[in-house]
Amino acid sequence: MSPQCFNFYVYNRQGVCIHYQEWYRPKSVTQGTGSQADDQKQMFGLFWTLNNFCATMNPKDASKPALGQPRKIGEGCRFNSFTTNCYKLHFYETPSGIKFILNTSRDVGDLRDLLIALYDDVFVDKVIKNPLYIPGQAFKIPQFNSGVDRFLSLRGMLQQ
Amino acid sequence: MSIISLYVINKSGGLVYSRDFSEKLSRVDLNDSLRLASIWHSLHAIASQLSPLPGCMGIELLESDTFDLHCLETPTGTKFLMVVDPSSPYLPSVLQRVYELYTDYVLKNPFYEVEQVIKCELFDQHLEALVRRYPGMSM
């Protein structure tokens, strides 16, 4: 079984989903939360809570924040990925607050470097450097979509 | 692989057991650990709902910068959470063994009420022995 990517979300600093791309989603959104907007909001809630959870649970930090205390970007321990019996979710947050979520099949290793390279090579190049793009807004840039597709197939993550 | 702490959550999401196995590392406050247990229970359910594939049973492994968290959910809804050192090999047998100890020394204890806080000496003792079999922490 080769590794397979299922879907991909990008969130801005405020927690609004600014981009969503999917390749393979047998369980449709209507069976889950009901609507695309609800799905994206729930995904944000999930990783936001998981980050708070990890920051409080962190065994290696003596001065960690109590549960519920606001954290700055980069402060406290953050989670990198979680695995369920069906899929694996990878998370990456840039220092500017842009968050990448990638759902893949289980047989994938650590994708932190891949997500960092995805940000550096594809996102910065096609989105940030686009003169018409307002940072933090939702976007529809076809070159970004095809750039992501190309990036992932080069690494064998998309079954054609 | 070294085990940092263990939590047992009942099927309603309440914390029934928590234990730290390392003296040197910073602990979670009791109130926070109660809240964390309930939070975990909800996250488990949300992760299944957001799954792109059908048949998702919830989070089994959470990886972060400084620790890994393994979760075993039993058919009855009880969850065993184990916080370990990052990049420890995933040994499902350890959590399975904890589940066996739970059934032997907690569920078969005639004074134990199901879904309540666990206060069983034999469970503590055997758990201690199980954890000591794995190499200790070095900070």
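Residue numbers begin at 1 in each chain, while the letters A, B, ... track the order of the sequences. From a predicted model like this one, the values you see are computed outputs, not experimental measurements.
- A distance of 7.0 Å separates OH in Y87(A) from OG in S48(B), rounded to the nearest 0.5 Å.
- Within 6.0 Å of atom OH in Y24(A), 12 or fewer heavy atoms from other residues, nucleotides or ligands are found, so the atom counts as exposed in its surroundings.
- Among all heavy-atom pairs drawn from S64(B) and N80(A), the shortest one is C-ND2, 3.6 Å.
- In this structure, chain A has no heavy atom under 4.5 Å from any part of S42(B).
- Tracing side-chain contacts under 4.5 Å through hydrophobic residues (I, L, V, M, F, W, Y), one never reaches V98(B) starting from V117(B); they form parts of separate clusters.
- Within the model, atoms NZ of K88(A) and CD1 of I59(B) stand 13.0 Å from one another, a figure rounded to the nearest 0.5 Å.
- Cluster annotation: I128(A) is connected to I18(A) through the hydrophobic network of ILVMFWY side chains, with a link wherever side-chain heavy atoms come within less than 4.5 Å.
- For L154(A), the CG atom counts as densely surrounded, since its 6.0 Å shell holds more than 12 non-hydrogen atoms of other residues, nucleotides or ligands.
- Proximity to chain B (any heavy atom under 4.5 Å) is shown, for N85(A), by both the backbone and the side chain.
- Taking CG of N103(A) as the reference point, atom OG of S51(B) lies at 8.0 Å (rounded to 0.5 Å).
- Of all non-hydrogen atoms in C86(A) and C56(B), the two that sit nearest each other are SG-CA, 3.3 Å.
- How far NE2 of H44(B) is from OG1 of T84(A): 9.5 Å, rounded to the nearest 0.5 Å.
- Rounding to the nearest 0.5 Å gives a distance of 8.0 Å between NZ of K27(A) and CG of L50(B).
- Under the 4.5 Å side-chain criterion, counting only non-hydrogen atoms from C-beta, Y7(B) is in contact with M57(A).
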**Asked** Going through the distances and angles, do R112(A) and E63(B) end up as a salt bridge (charged side-chain N to carboxylate O under 4.0 Å, His left out)?
**Response** CA-CA 11 Å; R112(A) 241 177 304 174; E63(B) 286 167 285; over 6 Å; no
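- Y99(B) and M57(B) end up in different hydrophobic clusters when Ile, Leu, Val, Met, Phe, Trp and Tyr side chains are linked at under 4.5 Å.
- Hydrophobic clustering of Ile, Leu, Val, Met, Phe, Trp and Tyr side chains at less than 4.5 Å, counting indirect connections, unites L107(B) with Y105(B).
- Hydrophobic clustering of Ile, Leu, Val, Met, Phe, Trp and Tyr side chains at less than 4.5 Å, counting indirect connections, keeps L46(A) apart from V16(A).
- How far CD1 of I39(B) is from OG1 of T49(A): 7.0 Å, rounded to the nearest 0.5 Å.
- P26(A) and L53(B) make their closest contact through CD-CD1, 3.8 Å (heavy atoms, listed as atom of the first residue, atom of the second, distance).
- Looking at L62(B) and F79(A), their side chains come closer than 4.5 Å, going by heavy atoms from C-beta outward.
- Few gaps surround CZ on R155(A); more than 12 heavy atoms of other groups in view lie less than 6.0 Å from it.
- Two residues are said to be in side-chain contact when any heavy atoms from C-beta on lie closer than 4.5 Å; L69(B) and F53(A) meet this criterion.
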